[in-house]
Amino acid sequence: MKKALISGVSGQDGSYLAEFLLSKGYEVHGIIRRASTFNTARIDHIIVDEQHEPGAKFFFHYGDMNDATSLISLIQKILPDEIFNLAAQSHVRVSFDTPEYTSNADALGTLRMLEAIRLLGLSDKIKFYQASTSELYGRVQETPQSEKTPFYPRSPYGVAKLYAHWVTKNYREAYNLFACNGILFNHESGRRGETFVTRKITRGIAQIKAGLEKKIYLGNLDAKRDWGYAPEYVESMWQMLQQEKADDYVIATGQTHSIKEFLEEAFKYTGLGDWQKYVEVDPRYFRPSEVDVLIGDSSKAKEELNWNPKIEFKDLVKIMIDADLRKLGIEVPGEGDKILQEKFPNKWWQKD
Ligand code: NAP
Ligand code: GDD
């Protein structure tokens with residue numbers, strides 16, 4: 001049985017990845033950090049027993065990307081075959097407020113993980129996945145963006161992830177570590193963090209429908225993103241580590257849409273009508289430097305990993321709205337559910 005260690009297992013991607021690996025028969029270990037409130041809502045349905053019951057296949061451990069000793073001792077104890085480094089302060093706007101913390105967790109945290117592998121003498125035994133990002137392209141140097149496009153990050157988050165990207169590549173070249181960067185474009189789901197724009201909109205609509213809120217307050221509505229569906233994206237992480245050779249891959253849908261288009265689709269689907277009646281722009285959500293438009297070219301992943309996303313923009317909006325309405329006990333239009341049933345008859349995740 002293969003063993004995987006996932007940092008950031010309580011996040012959107014970590015929770016899906018844990019379920020995906022469990023469906024492949026892995027023994028899965030996840031790192032969570034101590035918080036003053038419960039932070040395991042996304043993985044509660046797969047947590048078996050933190051005391052390592054015989055036969056259990058999912059375990060979680062306390063650790064932190066800012067604490068090298070916790071990473072070293074976990075890797076030494078678990079001896080994983082694969083490490084997926086997904087932990088990060090992942091909010092771009094927040095990174096302008098906490099640049100030092102973001103750099104510590106996202107840049108140096110990645111270095112700590114790589115050093116732990118090297119110092120334990122495990123560079124030839126462990127495969128390593130780094131959660132790289134389309135934020136590296138920032139002020140884009142060409143369109144669409146591929147593995148060959150030069151980087152130009154536009155936030156402390158982007159800059160920290162640039163370091164993590166290059167240090168991962170460096171450990172691959174210097175120590176022959178099987179290390180891959182997945183350059184993932186935005187991907188969303190019903191598990192998306194509630195302060196990212198797509199989820200803020202779909203959750204806001206559900207609250208308006210439930211009579212709990214009257215308005216949604218947003219920032220720059222003209223930005224455009226290449227949005228995909230998270231479960232499909234975590235599959236690519238695993239696929240990268242199953243290749244003969246470690247490499248870097250862009251994962252994207254190849255389509256781009258603005259926040260306004262997202263609002264239009266979402267309000268149309270729920271029958272609330274004109275989104276402009278419900279949305280106000282609040283400059284608090286503007287960023288000191290913005291990434292205006294991202295669109296990815298994932299031909300390399302298509303060719304080498306056979307990775308082909310099935311969920312398009314309009315599907316994604318419906319899936320996310322259905323999930324948020326259901327959470328508030330409101331009647332669900334159900335087109336999102338139908339899309340999921342049709343496109344993933346054997347889906348490996350238990351809830352959206
Ligand atoms: P997310 O939902 O924000 O999850 C981040 C995870 O990292 C959470 O489990 C969080 O723990 C954990 N974490 C944060 N700081 C930590 C620290 N100092 N030590 C240990 N754990 C820490 O992010 P996501 O959307 O799943 O994204 C996963 C990764 O992919 C991130 O590295 C992100 O930057 C990157 N990425 C995401 C996208 C995207 O569109 N989603 C695209 C490209 C790259 P808590 O639950 O306790 O907060
Ligand atoms: N969060 C947020 N909140 N964004 C808003 C809002 C708002 O109220 N209003 C407009 N936006 C705009 C942002 O200015 C940005 O241009 C766009 O919506 C997307 O913002 P986010 O959803 O926060 O995502 P992101 O693109 O900045 O970052 C996400 O994707 C990256 C990959 O490109 C995160 O998941 C990063 O961790 C990830 O690396």
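As the structure lists them, so they are numbered: ligands from 1, and atoms in each ligand from 1.
- The closest non-hydrogen atom to atom 8 (O) of ligand 2, taken over Lys200, Arg287, His91, comes from Lys200.
- Aromatic ring pairs are classed by plane angle as parallel below 30°, tilted from 30° to 60° and perpendicular above 60°; the pair Tyr62 and Phe60 is perpendicular.
- The distance from ligand 2 to the heavy atoms of Ala223 drops below 4.0 Å at these ligand atoms: 16 (O).
- Side chains of Glu82 and Lys2 form a contact here, defined as non-hydrogen atoms less than 4.5 Å apart.
- Of the protein's non-hydrogen atoms, Arg33 NH1, 3.7 Å is the one closest to atom 16 (C) of ligand 1.
- Residue contacts with ligand 1 for His187 involve both N, CA, C or O and side-chain atoms from C-beta outward (heavy atoms, distance under 4.0 Å).
- Using a non-hydrogen distance threshold of 4.0 Å, Arg192 registers as a contact of ligand 1.
- Of the protein's heavy atoms, Met65 N, 2.9 Å lies nearest to atom 19 (N) of ligand 1.
- Remark: distances from the non-hydrogen atoms of Arg192 to ligand 2 include one below 4.0 Å.
- Within the 3.5 Å criterion, the main-chain N or O of Ile295 finds no donor-acceptor partner in the side chain of Asp226.
- By the 30° and 60° cut-offs, the orientation of the rings of Trp348 relative to Tyr16 is perpendicular.
- Of all protein heavy atoms, the one closest to atom 22 (O) of ligand 2 is Val197 N, 2.9 Å.
- Val281 places none of its side-chain heavy atoms less than 4.5 Å from the side chain of Tyr217.
- Listed by atom number, the atoms of ligand 2 under 4.0 Å from Val92 heavy atoms are 27 (O), 28 (O).
- Residue Ser134 approaches ligand 2 through these ligand atoms, each under 4.0 Å from one of its heavy atoms: 32 (C), 33 (O).
- Listed by number with element, the atoms of ligand 1 under 4.0 Å from a non-hydrogen atom of Leu184 are 42 (C), 43 (C).
- For the pair Arg93 and ligand 2, no heavy-atom separation below 4.0 Å is found.
- Considering each of Tyr157, Phe185, Phe196, the one bringing a non-hydrogen atom nearest atom 36 (N) of ligand 1 is Tyr157.
- Proximity of a side-chain donor or acceptor of Arg191 to a complementary backbone N or O of Lys351 within less than 3.5 Å is detected.
- Atom CH2 of Trp238 is separated from atom NZ of Lys24 by 4.0 Å, given to the nearest 0.5 angstrom.
- In this structure, NZ on Lys300 lies 3.5 Å from CG on Asp247, to the nearest 0.5 angstrom.
- The residue Phe84 has no part lying near ligand 1, judged by heavy-atom distances below 4.0 Å.
- Ranking the protein heavy atoms by distance from atom 1 (N) of ligand 2 puts Thr195 O, 2.9 Å first.
- Close approach to Ser132 involves these atoms of ligand 1, each under 4.0 Å from a residue heavy atom: 43 (C), 44 (C).
- The single protein non-hydrogen atom nearest to atom 16 (O) of ligand 2 is Glu290 OE2, 2.9 Å, given as residue, atom name and distance.
- Relative to the ring axis of Trp307, Lys302 does not place its NZ or CZ within 45° and under 6.0 Å from the centre.
- Given atom 29 (C) of ligand 1, the protein heavy atom at minimum distance is Leu86 O, 3.2 Å.
- Listed by number with element, the atoms of ligand 1 under 4.0 angstrom from any heavy atom of Ala131 are 29 (C), 30 (O), 32 (O), 35 (C).
- For the ligand labelled ligand 1, residue Tyr62 lies outside the 4.0 Å heavy-atom shell.
- Across the listed options Ser132, Ala88, Gly219, Gly219 owns the non-hydrogen atom lying nearest to atom 6 (C) of ligand 2.
- With rounding to the nearest 0.5 angstrom, the CD atom of Glu188 is 3.5 Å from the OG1 atom of Thr198.
- When only non-hydrogen protein atoms are considered, atom 21 (N) of ligand 1 lies nearest to Ala87 CB, 3.5 Å.
- In this structure, Ser15 does not count as a contact residue of ligand 1, since none of its heavy atoms falls inside 4.0 Å of the ligand.
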**side chain to side chain contact (heavy atoms under 4.5 Å, CB included) between Glu19 and Gln350, worked out** = CA-CA 8 Å; Glu19 275 186 281; Gln350 293 169 36; 3.5 Å; yes
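- Ring planes of Phe344 and Trp349: perpendicular class, angle over 60° (limits at 30 and 60°).
- When only non-hydrogen protein atoms are considered, atom 24 (O) of ligand 2 lies nearest to Asn186 ND2, 3.7 Å.
- Summary of contacts: the protein heavy atom closest to atom 18 (O) of ligand 2 is Ile259 CD1, 3.2 Å.
- Distance from atom 10 (C) of ligand 2 to its nearest protein heavy atom, with residue and atom name: Asn220 O, 3.2 Å.
- Every atom of ligand 1 is numbered from 1 in the order shown, and the set under 4.0 Å from a heavy atom of Ser90 is 1 (P), 3 (O), 23 (O), 33 (C), 34 (O).
- In this structure, Lys161 is part of the shell of residues with a heavy atom less than 4.0 angstrom from ligand 1.
- The shortest heavy-atom distance from Tyr157 to ligand 2 is under 4.0 Å.
- Near Glu135, the atoms of ligand 2 lying under 4.0 angstrom from a non-hydrogen atom of the residue are 26 (O), 31 (C), 33 (O), 39 (O).
- Remark: the backbone N or O of Arg192 is paired with a side-chain donor or acceptor of Arg199 at under 3.5 angstrom.
- Annotation for ligand 1: atoms under 4.0 Å from non-hydrogen atoms of Asn186 are 40 (O).
- In this structure, the protein non-hydrogen atom closest to atom 36 (C) of ligand 2 is Ser90 O, 3.3 Å.
- Contact atoms of ligand 1 toward Gly11: 2 (O), 4 (O), 8 (C), 9 (O), 26 (O) (distance under 4.0 Å to a heavy atom of the residue).
- Heavy atoms from both the backbone and the side chain of Phe196 come within less than 4.0 Å of ligand 2.
- A distance of 11.0 Å separates CD1 in Ile183 from OG in Ser236, rounded to the nearest 0.5 Å.
- Of the listed options Gly8, Ser10, Ala88, Ala88 places a heavy atom closest to atom 5 (C) of ligand 1.
- Using the six-membered ring where Trp is involved, Trp227 and Phe262 have ring planes that are perpendicular, over 60° apart on the 30 and 60° scheme.
- Within the 3.5 Å criterion, the main-chain N or O of Ala301 finds no donor-acceptor partner in the side chain of Ser298.
- Of all protein heavy atoms, the one lying nearest to atom 27 (O) of ligand 1 is Asp13 OD2, 3.7 Å.
- Tyr233 does not count as a contact of ligand 1, since none of its heavy atoms falls under 4.0 Å from the ligand.
- In this structure, the ring of Phe196 has its center less than 6.0 angstrom from the ring center of His91.
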**Message:** Between Tyr101 and Gln89, is the side chain to side chain contact (heavy atoms under 4.5 Å, CB included) condition met? List the steps.
**Reply:** CA-CA 8 Å; Tyr101 176 80; Gln89 191 300 91; 4.0 Å; yes
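- For atom 15 (C) of ligand 2, the closest heavy atom belonging to the protein is Arg225 NH2, 3.5 Å.
- Each of the following atoms of ligand 1 lies closer than 4.0 Å to a heavy atom of Thr133: 43 (C), 44 (C).
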